[in-house]
Amino acid sequence: QVQLMESGETSVQTGGSLRLSCRATGITFSTYSLGWFRQAPGKEREGVAAIDSDGKISYTDSVKGRFTISRDNAKSSLYLQMTSLKSEDTAMYYCAANQGRMTALQRIGRLRTVDYWGQGTQVTVSS
């Protein structure tokens, strides 16, 4: 059974930093491309950052320079370091795993084809 479990601090003030983690079980982690997505109330889920199995990385424009995605294949873990957080970053954050390139999937917005999703973790940025 495949499981993706997000964890990390979930509340911070504007301008602060948070680090999200996602640990995967049930998959050959190193062969999967991975990503972080978020969904704010009343909005569609959107791709935030992606890292493919070969290390290729991409970010949505609104987080470039502020967020950093990374992976540790030995720990079957995905991370998202978020800095200079803004109120508009408030959302439910989901990690995801896909056999195909996640960078391409996020670029074209084909969320329905994602292989596996985590349960999500709420991130709240308050002023």
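Owing to the predicted nature of the structure, the values given are computational and were not obtained by experimental measurement. Because only heavy atoms are used, hydrogens play no part in the values below, and waters and symmetry mates are left out as well, while side chains stay in.
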Whether [X] side chain and [Y] backbone form a donor-acceptor pair below 3.5 Å:
X: Asp52; Y: Thr103; answer: yes
X: Arg45; Y: Ala40; answer: no
X: Gln106; Y: Trp36; answer: yes

Take Thr124 and Thr10 through the test side chain to side chain contact (heavy atoms under 4.5 Å, CB included) and record every step on the way to the result. CA-CA 6 Å; Thr124 302; Thr10 60; over 6 Å; no
Flag this pair as yes if the NZ/CZ of Arg23 is under 6.0 angstrom from the six-membered ring centre of Phe29 and inside a 45 degree cone about the axis; otherwise no. no
Quick check for you: to the nearest 0.5 Å, what is the distance between [X] atom [atom1] and [Y] atom [atom2]?
X: Met82; Y: Tyr93; atom1: CE; atom2: OH; answer: 5.5 Å
X: Arg107; Y: Arg101; atom1: CZ; atom2: CZ; answer: 9.5 Å
X: Leu105; Y: Gln99; atom1: CG; atom2: CD; answer: 12.5 Å
X: Tyr116; Y: Asn98; atom1: OH; atom2: CG; answer: 10.0 Å

Treating Ile, Leu, Val, Met, Phe, Trp and Tyr as nodes and any side-chain heavy-atom pair under 4.5 angstrom as an edge, say whether [X] and [Y] lie in one connected cluster.
X: Val2; Y: Leu34; result: yes
X: Val48; Y: Leu78; result: yes
X: Met102; Y: Ile51; result: no
X: Ile57; Y: Leu20; result: yes

Does either side chain, that of Gln119 or that of Glu6, offer a donor lying less than 3.5 Å from an acceptor on the other one? yes
Side-chain donor-acceptor pair present, Ser30, Asn73, cut-off under 3.5 Å: no
Closest non-hydrogen atom pair, [X] against [Y]:
X: Ser33; Y: Ser53; answer: OG-N, 3.2 Å
X: Tyr59; Y: Val63; answer: CB-CG2, 4.0 Å
X: Ser127; Y: Thr14; answer: CA-OG1, 3.5 Å
X: Gly35; Y: Ile69; answer: CA-CD1, 4.4 Å
X: Leu111; Y: Glu46; answer: CD2-N, 4.5 Å
X: Val114; Y: Ala97; answer: CG1-O, 3.8 Å

Does any non-hydrogen side-chain atom of Thr60 lie less than 4.5 Å from one of Phe67? no
Taking atom CD of Gln13 as the centre, report whether more than 12 heavy atoms of other residues, nucleotides or ligands fall under 6.0 Å from it. no
Only pairs at least two apart or in different chains count here, so list each side chain to side chain donor-acceptor pair (under 3.5 Å) that has a residue in residues 75-91. Arg38-Asp89, Arg66-Asp89
For Phe37, enumerate each residue passing the ring pair (Phe, Tyr, Trp, His ring centres under 6.0 Å) test, keeping only those at least two apart in sequence or located in another chain. Trp117
